[in-house]
Amino acid sequence: MSVERDIEALIPSLRRFARALCRDAHLADDLVQDTLERALSRLFLWRRGSNLRAWMFTILRNLFINGRRTRYAPAATLTADQWEVLLVHLPEQPARMEALDLLRALDRLTEDQREVLLLVGLEGLTYDEAARVLDVPAGTVMSRLSRGREALRRLLDRDDPPKLREVTSNDS
């Protein structure tokens, strides 16, 4: 298989990650296009035998960071309802509500935690691959992933009773 075909096979994963970063399908498509152009024009920089997937995700993330405030910034932050159009297939009612809850919770995480969760959890990158993409040590990836998963767990925990404040006579 040629490198170009390997890159082509990565497009769906790159699109998912770009959509999660940009929060806009059109901007994400532009980001993926720019990523593909950059990668193909600089293919001579990629070392055969090294991790092509991590290299591509690194290019995409760097392009996003460099253009975050200008080119790839959505006009406004999306609401959870606007995330629906980003889903490939809208699930049926209970699953749909759970998916929307997950999107809302992901939106409340820090950017660092969200990136790691998307790279490892959604795209299936190893800790080392994600560390390379994010340009951080693998231990930092594991730490962010652990904190992100715990934050998601807390945000999605429906078994906890609501936190009520006790009202005393001194409270007004």
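In this chain, numbering begins with 1 at the start of the sequence shown.
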Where [X] and [Y] come nearest, the two heavy atoms and their spacing:
X	Y	result
V133	A54	CG2-O, 3.4 Å
V120	Y127	CG1-CE2, 4.1 Å
A151	Q113	CB-OE1, 4.2 Å
A131	P137	CB-C, 3.9 Å
M56	I7	CE-CG2, 3.7 Å
A105	L156	CB-CD2, 3.9 Å

Query - Check ion pair R153-E150 (N to O, under 4.0 angstrom) - result: yes
Requested in this report: Determine, for D101 against R104, whether the closest basic-nitrogen to carboxylate-oxygen distance falls under 4.0 angstrom.
Outcome: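 Salt bridge between D101 and R104, a charged N being under 4.0 Å from a carboxylate O: yes.
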Are the side chains of [X] and [Y] in touch, meaning some heavy atoms are under 4.5 Å apart?
X	Y	answer
L109	L155	yes
L152	L102	yes
E37	Q33	yes
E129	L119	no

Any chance you could measure [X], atom [atom1], to [Y], atom [atom2], to the nearest 0.5 Å?
X	Y	atom1	atom2	value
L134	E115	CG	CD	5.5 Å
W55	T35	CH2	OG1	10.5 Å
D24	L31	CG	CG	11.0 Å
L60	R15	CG	CZ	12.0 Å
D30	L63	CG	CG	11.5 Å
S13	L122	OG	CG	8.0 Å

**Report entry** Check against side-chain contact (heavy atoms from CB on, under 4.5 Å), D112 and R147
**Finding:** CA-CA 10 Å; D112 290 342; R147 287 193 312 271; over 6 Å; no
Query raised in the report: Should S146 and R149 be marked as a side-chain hydrogen bond (donor to acceptor under 3.5 Å, both in side chains) after you check the CA-CA gap, both sets of side-chain angles, and the distance that decides it?
Result: CA-CA 5 Å; S146 175; R149 284 177 174 160; over 6 Å; no
Requested in this report: Check each of L125, T126, N51 against R132 using the side chain to side chain contact (heavy atoms under 4.5 Å, CB included) test, and report the only one that passes.
Outcome: N51
Query raised in the report: Any chance the side chains of T58 and R61 put a donor and an acceptor closer than 3.5 Å?
Result: no
Query raised in the report: Hey, mind stepping through T140 and R144 against side-chain hydrogen bond (donor to acceptor under 3.5 Å, both in side chains) and telling me if it holds?
Result: CA-CA 6 Å; T140 301; R144 288 178 185 174; 5.9 Å; no
Query raised in the report: Between R19 (side chain) and A28 (backbone), is there a donor-acceptor pair under 3.5 Å?
Result: no
